J.: 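Below is a structure I'd like to ask you about.
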Amino acid sequence: MARHLITSALPYINGIKHLGNMVGSMLPADVYARYLRRRGHEVLYICATDEHGTPAELAAKEQGLPVAEFCAQAHDAQKAVYDGFALAFDYFGRSSSPENVEITQHFARRLNENGFIEERAIRQVYSPADGRFLPDRYVEGTCPHCGYDKARGDQCENCTRVLDPTDLINPRSAISGSTDLEVRETKHLFLLQSKLQHEVEEWVARHEADWPQLASSIARKWLTEGLHDRAITRDLDWGVPVPADTWPELAAEGKVFYVWFDAPIEYIGATKEWADKDPAARDWKSWWYEADDTVRYTEFMAKDNVPFHTVMFPATELGVREPWKKVDYVKAFNWLTYYGGKFSTSQKRGVFTDQALEILPADYWRYFLIANAPESDDSSFTWEHFTATVNKDLADTLGNFVNRVLSFSKKRFGAEVPAGGEPGEAEARLGEEIARLLAEYEEHMEALQFRKAAAALRALWSAGNSYLEEKAPWLEIKTDQDGAALTLRTAMNLIHLYAVVSEPLIPTTAKAMRAAFALAGDTATWVTPDEAKSLTALPAGTPFTVPPVLFAKLTEDDLAAYKERFGGEPA
């Protein structure tokens, strides 16, 4: 089996993330990692908090905390939410770790030795009102390309163009709002991406045909416009320090590496953090160094992060001139919108992940988000659509099937799987249908087509309901007890199958379904086509219990309460 390295976009340390962030990176990565593990692959799923940059400093200042303490607390708060969503990271690290400092400085030294870093005197925005140089993202103004009036000085989040603060029309300080800005001279390190343009083009050309169109088109757009040399240091108190053995003057001035330079390196740093927890058993370099033939690397991110990981970080890796693993497949997502408007962390618009878990357990959200993942286009979250999906797919199609099968069987045959007669034509048709739908589900999961995978899983659940309606054991039992027992035994085997194959999307519910049966030696991680056709994993006599309601049906009062709390349209 192949070894699979999986990473998702690093959530920024400043604040709990919204549902759009969850579905655009971490959740689909988790679903894919869980699926691969169940199919027998060796998987390493790595993520981390992205902790450097001015927003962290400002948030810490607002809370009256040292920035390191603020980041430690915020990391733990985010990790608690991701645990609540049952995200099964192998390791969730921190970009402020000593491991990331070490590797980032190593990359910088190597880039410098190879002629891809240059020290330049530049003129940078300074705010007298704030008494500091303003990092790019803390200069705001109007984008000269699309006219968006809240563009940041590093990138316009509306059109995704990379910017410099001096490109903005009517610039202002994002800290104080002051428009009294000056441009002063200071020295910084630049990564000479222009010298790596052709190498990056060749690398992208070897991969883009396999990537989703969204990822390849964004990468190609950047390359067509040309790679520009980019400053990779900033005047900040918090960040990976410029190494004094290579740039003593800049180190003495307290320069640190810009967050976009060190954050992608944290994928490697976090893997080393993971390995350092158990160095005798874990080899971090085997995943990242000289690993092209042994590791398949898949990365998950929303479209605004795609340029950094399809062009800019590969340029860094190429410039180091060492055999570091580069991404094989970039799964890019569009945006999940809130009633057609953007989720926004800064403007507190939409549903945030901690709030979601206050309302309903994680599996409600996991299923809905994957079933509506913004893959081919942006998709819209509405409370009406959410409640309808929960009620139809989770409560009615899956939850009701499990409850009525187990409850009816316990009432009429006791708390053991009944024996009944031999499978007949209806069971043979059902087995063929289940095997076909399972193959579709597997095909879509292998292709990382999450909406289609969720639809195939829903079709698997629906097949059980169709079989139950066809056989109608509540009527069958009046004239053919063995036939009714066979029907219920077959349906229970479907429940067990659903528990096994639904785990990537709804792991907590899958565990509850599986725990309903006291099946000795139940270690199956997947279901083979023959097993899907025969539906005999649960033999007669297996004890079972009726679990609590798996999914509560949402009411009109619930819908009204959600809309009152969060609003039914974007602000």
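Everything quoted here is computed from the prediction, not taken from an experiment.
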J.: Quick one: do Q73 and L65 satisfy side-chain contact (heavy atoms from CB on, under 4.5 Å)? Show the steps, please.
T.: CA-CA 10 Å; Q73 293 181 9; L65 293 173; 3.7 Å; yes
J.: Any side-chain donor-acceptor pair under 3.5 Å between N100 and D262?
T.: yes
J.: Between S95 and E266, do the side chains contain a donor N or O and an acceptor N or O under 3.5 Å apart?
T.: no
J.: Between Y367 and D393, is there a side-chain donor-acceptor contact under 3.5 Å, judged purely by atom types and distance?
T.: yes
J.: Do the non-hydrogen side-chain atoms of T142 and L168 ever get within less than 4.5 Å of each other?
T.: no
J.: If we only count heavy atoms from C-beta on, is the L19 to L369 side-chain gap below 4.5 Å?
T.: yes
J.: Which of these, D363, L357, D30, sits in a side chain to side chain contact (heavy atoms under 4.5 Å, CB included) with F85?
T.: L357
J.: Run S8 and Y45 through side chain to side chain donor-acceptor pair (under 3.5 Å) and show every step you take.
T.: CA-CA 8 Å; S8 52; Y45 178 20; 3.0 Å; yes
J.: Compute the ring centroids of W474 and F408, then answer whether they are less than 6.0 Å apart.
T.: no
J.: For K79, check salt bridge (Lys or Arg N to Asp or Glu O under 4.0 Å) against everything at least two apart and list the hits.
T.: D83
J.: Can you list the steps and then say if V31 with M445 is a side-chain contact (heavy atoms from CB on, under 4.5 Å)?
T.: CA-CA 9 Å; V31 169; M445 289 291 275; 3.6 Å; yes
J.: What do you reckon, are the aromatic ring centroids of Y82 and F92 less than 6.0 Å apart?
T.: yes
J.: Whether the side chain of D378 engages the backbone of N334 through a donor-acceptor N/O pair (distance < 3.5 Å, no angle test) should be reported.
T.: no
J.: How about Y267 and H309: are their ring centres within less than 6.0 Å of each other?
T.: yes
J.: For W287, is the NZ or CZ atom of K325 found under 6.0 angstrom from the centre of its six-membered ring and inside 45 degrees of the ring axis?
T.: no
J.: Is there a side-chain contact (heavy atoms from CB on, under 4.5 Å) between V139 and S173? Walk through the geometry before answering.
T.: CA-CA 5 Å; V139 184; S173 166; over 6 Å; no
J.: Can we say D154 and R161 salt-bridge, meaning some charged N sits less than 4.0 Å from an Asp/Glu carboxylate O?
T.: no
J.: I'd like to check L87 versus F89 (side-chain heavy atoms, cut-off strictly below 4.5 Å). Are they in contact?
T.: yes
J.: Would a 4.5 Å heavy-atom cut-off, applied to side chains only, mark I506 and L398 as touching?
T.: yes
J.: Please confirm whether the ring centroid of Y258 lies under 6.0 Å from the ring centroid of H52.
T.: no
J.: Do the non-hydrogen side-chain atoms of F450 and H444 ever get within less than 4.5 Å of each other?
T.: no
J.: Parallel, tilted or perpendicular: which describes the rings of F386 and W365, with under 30° parallel and over 60° perpendicular?
T.: parallel
J.: Take T160 and I218 through the side-chain contact (heavy atoms from CB on, under 4.5 Å) test and state the conclusion after the steps.
T.: CA-CA 9 Å; T160 76; I218 290 173; 5.7 Å; no
J.: Quick one: do D90 and R37 make a salt bridge, cutoff under 4.0 Å?
T.: yes
J.: With a 4.5 Å limit on heavy-atom distance, are the side chains of I46 and I6 in contact?
T.: no
J.: Verify whether one side chain among Y148 and E157 offers a donor that lies under 3.5 Å from an acceptor in the other.
T.: yes
J.: Which of parallel (below 30°), tilted (30 to 60°) and perpendicular (above 60°) describes W526 and Y441?
T.: parallel
J.: Has Q155 got a side-chain atom pairing as donor or acceptor with L163's backbone, closer than 3.5 angstrom?
T.: no
J.: Please find out if less than 6.0 Å separates the ring center of W288 from that of Y297.
T.: yes
J.: Looking at K150, I'd like to know if its NZ atom is crowded, meaning that more than 12 non-hydrogen atoms belonging to other residues, nucleotides or ligands lie closer than 6.0 Å.
T.: no
J.: Is it the case that E446 and Y35 place a side-chain donor and acceptor less than 3.5 Å from each other?
T.: yes
J.: Under 4.0 Å between a Lys/Arg side-chain N and an Asp/Glu carboxylate O for E469 and R404?
T.: yes
J.: Is there a side-chain contact between S25 and L10, using heavy atoms and a 4.5 Å cut-off?
T.: no
J.: If you measure from CG on L448 to OG1 on T298, what distance do you get to the nearest 0.5 Å?
T.: 6.0 Å
J.: Would a line drawn from the ring center of F381 to the ring center of F368 be shorter than 6.0 Å?
T.: yes
J.: Assess whether ring pair (Phe, Tyr, Trp, His ring centres under 6.0 Å) is satisfied between W461 and F401, documenting all intermediate values.
T.: CA-CA 8 Å; W461 300 339; F401 176 80; over 10 Å; no
J.: Using a 4.5 Å cut-off on heavy atoms from C-beta on, say whether the side chain of L538 contacts that of F517.
T.: yes
J.: Are D354 and K17 within salt-bridge range, i.e. N to O under 4.0 Å?
T.: no
J.: Side chain of S379, backbone of L336: donor and acceptor closer than 3.5 Å?
T.: no
J.: Would a distance-only check, ignoring hydrogens and angles, find a side-chain to backbone donor-acceptor pair under 3.5 Å from R38 to V500?
T.: yes
J.: List the residues meeting ring-ring contact (aromatic ring centres under 6.0 Å, His included) with F333, not counting sequence neighbours, and say none if there are none.
T.: none
J.: Counting N and O atoms only, with roles assigned by atom type, does the side chain of N400 sit under 3.5 Å from a partner on the main chain of A395, one being a donor and the other an acceptor?
T.: no
J.: Just by distance, with hydrogens left out, do D558 and T555 show a side-chain donor and acceptor under 3.5 Å apart?
T.: yes
J.: How about S176 and D130: does a side-chain donor come under 3.5 Å of a side-chain acceptor?
T.: yes
J.: Do NZ/NE/NH1/NH2 and the carboxylate oxygens of R451 and E375 come within less than 4.0 Å?
T.: no
J.: Take Y364 and F551, measure what ring pair (Phe, Tyr, Trp, His ring centres under 6.0 Å) needs, and give me the verdict at the end.
T.: CA-CA 8 Å; Y364 289 74; F551 294 99; 5.1 Å; yes
J.: For K342, is there any backbone N or O sitting under 3.5 Å from a side-chain donor or acceptor partner on R349?
T.: yes
J.: So does G20 get a backbone contact from the side chain of H18, meaning a donor-acceptor N/O pair under 3.5 Å?
T.: yes
J.: Name all residues meeting the side-chain hydrogen bond (donor to acceptor under 3.5 Å, both in side chains) criterion together with E358; count only those two or more places apart in sequence or in a different chain, and write none if there are none.
T.: R565
J.: Does R34 pair with E503 as a salt bridge, N-O distance under 4.0 Å?
T.: yes
J.: So, taking the atom named CD in E51 and the one named CD1 in I13, what distance separates them when rounded to the nearest 0.5 Å?
T.: 4.0 Å
J.: Would S97 and E273 satisfy side chain to side chain donor-acceptor pair (under 3.5 Å), going step by step from the backbone distance to the final call?
T.: CA-CA 8 Å; S97 70; E273 293 173 54; 2.9 Å; yes
J.: Considering only NZ, NE, NH1 and NH2 on the basic side and carboxylate oxygens on the acidic side, decide whether E140 and R152 come within less than 4.0 Å.
T.: no
J.: If only side-chain N and O atoms count, and only distance matters, is there a donor-acceptor pair under 3.5 Å linking Y339 with E384?
T.: yes
